[in-house]
Amino acid sequence: MCVLFFAHRRHSRYPLVFAGNRDEAYDRPAAPAAWWTDAPHVLAGRDLEAGGTWLGVTTAGRWAVVTNVRDLTRLRDGARSRGDLVRGFLVGEETAEAFAQRTFDARDAYNPFNLIVGDADAVWYVSTHEDRPTELVPGLYGLSNSTLGVAWPKVERGLAAFERLLAEEPLQPEPFLALLHDDTRPSDEALPDTGVGLERERMLSALFIASERYGTRASTVLLLDEGGGGRFVERTFGPGGVEGETCAFAFGPS
């Protein structure tokens with residue numbers, strides 16, 4: 001994922017309300033969200049190049065998501081796939097805390113990343129750009145390609161809209177999907193400087209990104225209830241932001 005928002009124990013019915021966009025090169029092969037044949041308890045999309053995933057949930061209510069950290073100075077060839085971190089948590093049985101600590105200890109094997117993992121007991125955040133894993137307290141969170149808590153314009157804009165939607169009842173996925181399709185770009189003065197140049201900063205500055213070669217490939221909403229069940233909706237997009245399919249899944253006791 002490249003921008004995401006979530007409410008951790010801030011809604012009366014859903015301990016997790018999540019909405020996020022996966023941004024990627026259009027020519028990188030990927031499978032849409034589905035129950036995995038080699039791990040039938042896992043619901044996630046799949047990166048067909050490296051075998052991992054960017055976001056997923058299990059029938060036990062475990063969930064995980066990863067974003068890149070945009071730091072060109074620390075990119076290197078031969079690093080392990082960051083999507084394998086999400087896959088590893090979803091198919092495994094470690095607690096979120098234990099997995100976060102183990103990932104932190106092995107962080108140098110990967111290019112810059114943010115990882116969030118959650119189970120029935122806790123939600124943990126680990127990053128190559130932080131000095132320790134952190135258990136997240138109940139609250140509202142927004143994250144893009146910097147570290148958690150860095151208020152890029154797209155994060156501020158999206159989080160404000162996310163909070164408004166969280167107050168609506170009944171909670172439905174479609175308004176969150178509409179939020180994720182916001183292509184508003186901030187002024188140049190508000191843009192971060194991550195070393196990619198002004199034109200690319202502009203292109204990457206919207207919640208929803210569309211260009212010839214790179215853009216938002218999938219928007220996902222996850223509503224996870226106390227019993228571990230919930231709703232998972234994914235909408236895919238092709239080159240230029242052309243809308244593809246929308247797939248909806250309900251699982252568990254909901």
Side-chain angles (χ1 to χ4, degrees), residues 1-2 4 6 8 14-25 28-68 79-107 109-111 113-127 133 136 143 173 217-236 244-254:
M1 310 300 280
C2 286
L4 60 90
F6 65 98
H8 170 39
Y14 298 108
L16 175 68
V17 180
F18 174 98
N21 279 341
R22 180 204 181 212
D23 304 329
E24 183 56 86
R28 182 164 181 143
W35 295 104
W36 286 7
T37 56
D38 55 340
H41 64 295
V42 173
L43 173 60
R46 201 153 203 174
D47 172 25
L48 299 180
E49 185 171 296
T53 186
W54 50 94
L55 164 71
V57 66
T58 75
T59 52
R62 292 162 62 86
W63 66 280
V65 61
V66 70
T67 77
N68 300 344
R80 295 181 61 182
S81 169
R82 290 166 284 203
D84 197 50
L85 293 169
V86 177
R87 185 205 63 80
F89 181 72
L90 297 176
V91 302
E93 297 181 353
E94 284 179 282
T95 65
E97 179 180 5
F99 191 88
Q101 184 60 62
R102 184 166 65 84
T103 298
F104 182 77
D105 293 342
R107 64 194 183 281
Y110 303 87
N111 280 325
F113 70 84
N114 298 301
L115 177 71
I116 300 171
V117 292
D119 58 22
D121 297 318
V123 175
W124 281 77
Y125 166 66
V126 56
S127 174
L136 300 184
L143 176 66
R217 297 278 302 273
S219 295
T220 308
V221 176
L222 171 61
L223 307 177
L224 194 62
D225 68 25
E226 284 285 3
R231 301 170 67 186
F232 184 110
V233 181
E234 178 189 82
R235 180 167 294 160
T236 59
E245 293 184 328
T246 300
C247 297
F249 304 85
F251 56 95
S254 292

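Keep in mind that what you see is a predicted model, and the values were worked out from it rather than measured.
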Report task. Report yes or no: is the cationic atom of R231 (NZ for Lys, CZ for Arg) under 6.0 Å from the centre of the six-membered ring of F249, at an angle within 45° of the ring normal? Result -> no
Query raised in the report: Can you name the ring-ring contact (aromatic ring centres under 6.0 Å, His included) partners of W124, sequence neighbours left out?
Result: none
Query raised in the report: Taking the side chain as C-beta and beyond, is there a heavy-atom pair between W36 and R46 under 4.5 Å?
Result: yes
Requested in this report: State, with a plain yes or no, whether a side-chain heavy atom of Y125 is found less than 4.5 Å away from one of L115.
Outcome: no
**Report entry** Side chain to side chain, V126 and F99, heavy atoms closer than 4.5 Å
**Finding:** no
Report summary line: Sorted by chain and residue number, the side chain to side chain contact (heavy atoms under 4.5 Å, CB included) partners of A106 (sequence neighbours excluded) come out as none
Report task. Determine whether S127 and N114 make a side-chain contact, defined as any pair of heavy atoms from C-beta on separated by less than 4.5 Å. Result -> yes
Query raised in the report: If we only count heavy atoms from C-beta on, is the F6 to I116 side-chain gap below 4.5 Å?
Result: yes
Query raised in the report: Got a donor-acceptor contact below 3.5 angstrom from the H41 side chain to the V57 backbone?
Result: no
Report task. Quick one: list whatever passes side chain to side chain contact (heavy atoms under 4.5 Å, CB included) with A109, sequence neighbours left out. Result -> R80
Query raised in the report: Can you find a heavy atom in the side chain of W54 that is under 4.5 Å from one in the side chain of V86?
Result: no
Query - Residues forming a side chain to side chain contact (heavy atoms under 4.5 Å, CB included) with R235, sequence neighbours excluded - result: E174, L177, F237, E243, T246
Report task. Identify, with sequence neighbours excluded, every residue that meets side-chain hydrogen bond (donor to acceptor under 3.5 Å, both in side chains) alongside N68. Result -> R82
Report task. Taking side-chain hydrogen bond (donor to acceptor under 3.5 Å, both in side chains) as the test, write out the residues that go with T53, two or more places apart. Result -> none
Query - Charged N-O contact under 4.0 Å between E24 and R217 - result: no
Requested in this report: Quick one: do T95 and D119 satisfy side-chain hydrogen bond (donor to acceptor under 3.5 Å, both in side chains)? Show the steps, please.
Outcome: CA-CA 7 Å; T95 65; D119 58 22; 5.0 Å; no
Requested in this report: Taking all heavy atoms of A33 and all of E234, pick out the closest pair and write down the distance.
Outcome: N-OE1, 3.0 Å
Requested in this report: Output yes when R87 and D84 qualify as a salt bridge under the 4.0 Å nitrogen-oxygen rule, no when they do not.
Outcome: yes
Query raised in the report: In Å, rounded to the nearest 0.5 Å, how long is the span from CG of L55 to CG of L222?
Result: 7.0 Å
Query raised in the report: Got V42 and V91 here, is their nearest side-chain heavy-atom distance under 4.5 Å?
Result: yes
Report task. Identify the two heavy atoms, one from D23 and one from C2, that lie closest to each other, and give their separation to 0.1 Å. Result -> OD2-CB, 3.1 Å
Query raised in the report: Which atom pair, heavy atoms only, marks the closest approach of A100 to V117?
Result: CB-CG2, 4.4 Å
Query raised in the report: Any idea which heavy atoms bring P15 and L224 closest together, and the distance?
Result: CD-O, 3.0 Å
**Report entry** Whether H8 side chain and L16 backbone form a donor-acceptor pair below 3.5 Å
**Finding:** no
Requested in this report: For the pair R62 (side chain) and G118 (backbone), establish whether a donor and an acceptor sit closer than 3.5 Å, ignoring hydrogens and angles.
Outcome: no
Query - Exercise: identify the closest heavy-atom pair between S219 and N21 - result: OG-OD1, 2.5 Å
Query - Minimum side-chain heavy-atom gap F251-W35 below 4.5 Å - result: yes
